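Presented below is the structure to which this report refers.
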Amino acid sequence: MDGINITELPIEPSENVTRILTREEQIREEHRKLHELHKGHESMHAEMLIILMITMIVAQIVLLEWKRRHFRSFQVVTSLALWLIPFIMSIRMSYWRFIVFWTLFSLITGLVVRKALEKPLQGSTPSVMA
């Protein structure tokens with residue numbers, strides 16, 4: 001051979017040759033493309049944040065006015081929501097242990113409330129509650 005070292009030959013990139021990207025390079029490329037797609041959306045995101053903040057402030061004012069003007073209905077609705085929303089979310093997410101204990105707690109609480117609301121109040125009721 002005439003002493004040509006293959007490692008020192010210049011490699012010219014070809015248009016038809018596709019290079020296999022590593023996983024990290026693929027993620028970086030996807031991230032770069034995502035930034036290109038969302039270029040100019042910063043103002044839209046700022047508007048969305050302002051709308052969210054205004055909505056939260058208005059909702060707080062409405063809730064406070066509802067509480068001030070119609071206290072009884074506010075108490076009933078918020079109590080029902082605090083009681084039912086965790087149960088509904090647990091059913092959707094299949095948290096069976098929470099559902100079982102929530103049901104037991106609700107049944108026992110219902111029994112205690114029923115006993116406490118009986119008229120005339122039985123003499124054994126306070127010992128059952130304790």
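The analysis underlying the following values was restricted to heavy atoms, covering all of them including side chains, and did not include hydrogens, waters or symmetry mates. The structure presented is a predicted model; accordingly, all values stated were derived computationally and were not measured.
- Other residues, nucleotides and ligands place more than 12 heavy atoms under 6.0 Å from the CZ atom of F87.
- Within 6.0 Å of the CZ atom in R97, the count of heavy atoms belonging to other residues, nucleotides or ligands does not exceed 12.
- The existence of a salt bridge linking R68 and E65 is confirmed by a sub-4.0 Å separation between a basic side-chain nitrogen and an acidic carboxylate oxygen.
- The line from CD of E29 to CZ of R32 is 4.0 Å long, rounded to the nearest 0.5 Å.
- Listed by first then second residue, pairs satisfying ring pair (Phe, Tyr, Trp, His ring centres under 6.0 Å) with a partner in residues 46-73 read W66-F74, not counting sequence neighbours.
- Shortest non-hydrogen contact noted between A81 and P86 is O-CD, 3.9 Å.
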Could you check H31 against R28 for side-chain contact (heavy atoms from CB on, under 4.5 Å), going step by step and ending with a plain yes or no?
CA-CA 5 Å; H31 189 74; R28 284 185 183 167; 5.5 Å; no
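- Linking ILVMFWY residues whenever their side-chain heavy atoms come closer than 4.5 Å, directly or via other members, places M89 and W83 in the same cluster.
- Grouping Ile, Leu, Val, Met, Phe, Trp and Tyr residues whose side-chain heavy atoms lie under 4.5 Å apart, directly or via other members, leaves L34 alone, with no other cluster members.
- Residues L37 and K33 fail the side-chain proximity criterion, which asks for heavy atoms closer than 4.5 Å.
- More than 12 heavy atoms of other residues, nucleotides or ligands shown are found within 6.0 angstrom of CE on M44.
- In terms of hydrophobic clustering, with Ile, Leu, Val, Met, Phe, Trp and Tyr side chains grouped at heavy-atom distances under 4.5 Å, L104 and W96 are assigned to different clusters.
- Contact annotation: the side chain of H45 approaches that of M48 to within less than 4.5 Å [non-hydrogen atoms, C-beta and beyond].
- Grouping the Ile, Leu, Val, Met, Phe, Trp and Tyr side chains by contacts below 4.5 angstrom, directly or via other members, places I99 apart from L107.
- Atom CD1 of residue I50 and atom OG1 of residue T55 lie 11.5 Å apart, to the nearest 0.5 angstrom.
- Under the 4.5 Å side-chain contact rule for hydrophobic residues, M56 and M53 do not share a cluster.
- The 12-atom threshold is not exceeded at CD of E24, counting heavy atoms of other residues, nucleotides or ligands nearer than 6.0 Å.
- Hydrophobic clustering (ILVMFWY, side-chain heavy atoms < 4.5 Å, transitive): I85 and L80 are in one cluster.
- A distance-only check finds a donor-acceptor pair linking the side chain of E25 to the backbone of T22 [under 3.5 Å].
- Closest approach of F98 to S90, counting heavy atoms only: CD2-OG, 2.8 Å.
- Using modelled atom types, no side-chain atom of W102 and backbone atom of L84 make a donor-acceptor pair closer than 3.5 Å.
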